[in-house]
Amino acid sequence: MHEAAPPVAPLPGAAACADDTPASPPLTIPDDADPTQDELRRAIAEEQFVLHYQPKVSCSTGKITGMEALVRWEHPLRGLVPPDRFIAQMEESGLIIALGAWVLRSACRQTRGWQAAGLGGLPVAVNLSGRQLQSDNIFETVAAALGESGLEPKFLELELTESFLVHDPEQAVATLTRLKQLGVKISVDDFGTGYSSLSYIKRFPLDALKVDRAFVRDITADPSDASITRAIINLAHNLKLTVVAEGVETEAQLGLLIANDCDMIQGYYFSRPVAAPAFEAMLREGKSLASDFISSQRAERTLLLVDDEEYILSALKRILRRSNYRVLTADSALQGLRLLAENRVDVVVSDQRMPGMTGVEFLRRVKEIHPDSVRMMLSGYTDLKSVTDAINEGAIYKFLTKPWDDEHLLANIEEAFRRKEIVSENRRLMRDLAQTNARLGQVNDELRGLLDDGALQVKRDEATLRVVQEMLQHVPVPLIGIDSEGMIAASNLAAESACGAAAPMIGRFIGECLPADLVGWFHGDRAQACDCVIAGTAYQVSSRAMGRRSASGGVLLMLDQTGVPA
Ligand code: C2E
Ligand code: MG
Ligand code: MG
């Protein structure tokens, strides 16, 4: 297996597999045949796998914010085999458990390696199959991959499929809750293809949803895919989940996703999955999306005009010619709804009397699908009751009358855009606030952990100090600690008895407890030891300056009994 980081330990079970296929006869499998179990076992034994990495890119900064690790089989004859040609077979045979553990270890180690090389604290996402998640040792496998690599858990994201969630929801909640306790992030891959719903998703401890590329593929052409993607983004944000759009291949798709507040994208448009050295090169060169493209997508103010009278639409377009808005027109409510599915629209101005659906009904529908849009009615006809009802329930922001005054109409449209922008900005701030709060909570937890560690350390230090003090008392040599002011700061039992002190010496000055010649020596040059007599016993007194190995100061006196009587 080829990677930039040093090789990982062999796959579990690799030796046994190698024993099964000792001679390694040449492989003669046709290119399109499914791999046999023997072939797969040998692939594991011979470590014929490699990880490629695909960047995830922020829709607000344009920078790489993470990567997904994707496994490839480096087949000796067929070349690089994509995962959809062998993952299902590996799941059937259970070999996926050994391969999955290798993927986890390699991805964690590579990510830690990039962090250590100063290439930023990017998280790595690893795909887990249902079979892996149901295995008994999944927690140990994840914890071991983190432990061995030294990667902090918050930099590992586990991608799982909706089918795992719907298969046995109670079990899934339990498994995910335990995994979350390790500190890793969890996202749902290929979202929208399984059978879960967003309200159902609420039950699981998730961090992100990845919108399946089937929706992204037709987002610019198929209105229903556009509205599904938009609905997923809005609802996921309400559930405080990050949204990643997969399979973004074109600028148009990217533009629509940015305009709809998608958080991150992943896809060939920015980069295909690439081998580790190529990914590293991308990080080093700081590859990113052009920031002016991002801001141009965000800033485009879009207005939808709906009226069944062609000449009204033309007149409105004419007076809006000099504005910077993107103006869309529809000659019926149904066409208006179609345009709303395909485009992000900020302000809607609709007529009331239209065949098929009235303006009030139309704006009510718009409110349900696009609650953030600002909706106005421009009509000569006033069925006061239905219009006031619609205004009171919030479906219509303003009622403008035909014939209109150009200036007045333009001012109202401008004000509607400003209102929309304030609402969007508030929403964005709320989301940022929620994210910041979550991060703050995380930091607080980390801090609490550190404080707990600190308090534990203080307790340990106190205990050690008491032990050392007790040991000092039992040392048979008289020891006296004197601070820089000449005050006795410590003494042991032998010192107290040698000095014949009735009261403890600690806290007294040396002049009060020790003979004058010793005090004189203490205040002078202490390079040579001092011979002196204390309470009728002769001692040689030497000194050691404190503070070389600890944050203490002063001097330690050691009294060696010379045995020479006074
Ligand atoms: P996935 O997790 O949804 O990964 C995204 C797949 O979409 C990748 O295919 C990637 O190459 C492809 N992709 C990314 N951007 C684009 C794009 O713009 N257009 C198109 N057409 N495709 C794009 P890949 O690498 O072939 O992987 C296929 C699937 O295999 C993955 O889907 C994942 O479910 C599975 N897989 C990959 N690696 C692992 C692994 O280590 N363990 C497990 N259990 N499954 C894995
Ligand atoms: Mg994935
Ligand atoms: Mg996917």
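Counting convention: from 1, in listed order, for ligands and their atoms alike.
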Indicate, as side chain, backbone, both or neither, the part of [X] found under 4.0 angstrom from ligand 1 when only non-hydrogen atoms are considered.
{"X": "Ile87", "answer": "side chain"}
{"X": "Val103", "answer": "side chain"}
{"X": "Val248", "answer": "backbone"}

- Item | Under 3.5 Å: N/O of Arg213 near N/O of ligand 1 |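 Yes.
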- Task: Report yes if Arg72 has an N/O atom closer than 3.5 Å to an N/O atom of ligand 1; otherwise report no.
- Result: yes
- Flag Glu68 as yes if one of its N/O/S atoms falls below 2.8 Å of the Mg ion (ligand 2), otherwise no.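 Checking Glu68: at least one N, O or S atom is under 2.8 Å.
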Between the side chains of [X] and [Y], does any donor sit under 3.5 Å from an acceptor?
{"X": "Glu251", "Y": "Tyr269", "value": "yes"}
{"X": "Asn137", "Y": "Ser135", "value": "yes"}
{"X": "Gln54", "Y": "Gln266", "value": "yes"}
{"X": "Asp168", "Y": "Gln134", "value": "no"}

Run the numbers for me: atoms of ligand 1, each under 4.0 Å from some heavy atom of [X], listed by number.
{"X": "Gly267", "result": "15 (N), 18 (O)"}
{"X": "Val71", "result": "38 (N), 39 (C), 40 (C), 41 (O)"}
{"X": "Glu249", "result": "17 (C), 18 (O), 19 (N), 20 (C), 21 (N)"}
{"X": "Ser129", "result": "44 (N)"}
{"X": "Glu246", "result": "3 (O)"}
{"X": "Gln54", "result": "14 (C), 15 (N)"}

- Does Gly247 have a non-hydrogen atom less than 4.0 Å from ligand 1?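 Right, Gly247 reaches ligand 1.
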- Message: So is Glu68 touching ligand 1 or not, going by heavy atoms under 4.0 Å?
- Response: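 In this structure, Glu68 qualifies as a contact of ligand 1 - some heavy atom is under 4.0 Å.
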- Tell me, please, which residues at least two apart from Gln37 pass side chain to side chain donor-acceptor pair (under 3.5 Å). Ser93
- Report yes or no: does Ser373 contribute a side-chain atom to a donor-acceptor pair with the main-chain N or O of Arg375 at less than 3.5 Å?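 No, because the side chain of Ser373 does not come within donor-acceptor range (under 3.5 Å) of the backbone of Arg375.
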- Query: Would you find a donor on one side and an acceptor on the other, under 3.5 Å apart, between the side chain of Arg131 and the backbone of Glu92?
  - Reply: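 Side chain of Arg131 to backbone of Glu92: a pair is present.
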- Query: Around Lys154, counting heavy atoms of other residues, nucleotides and ligands shown, do more than 12 lie under 6.0 Å from its NZ?
  - Reply: yes
- Item | Degrees at the Mg ion (ligand 2) between the OE1 atom of Glu159 and the OD1 atom of Asn127, nearest 10° | 90°
- Would you please classify the geometry between the Phe279 ring and the Trp114 ring as parallel, tilted or perpendicular, with 30° and 60° separating the classes?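 Answer is tilted, since the angle falls between 30° and 60°.
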- Selection from Trp102, Tyr268, Phe270 by shortest heavy-atom distance to atom 13 (N) of ligand 1: Tyr268
- Query: Got a sec, which residues hit salt bridge (charged side-chain N to carboxylate O under 4.0 Å, His left out) with Glu91, two or more places apart in sequence or on another chain?
  - Reply: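 Testing Glu91 for salt bridge (charged side-chain N to carboxylate O under 4.0 Å, His left out), a comparison that skips the adjacent residues, returns none.
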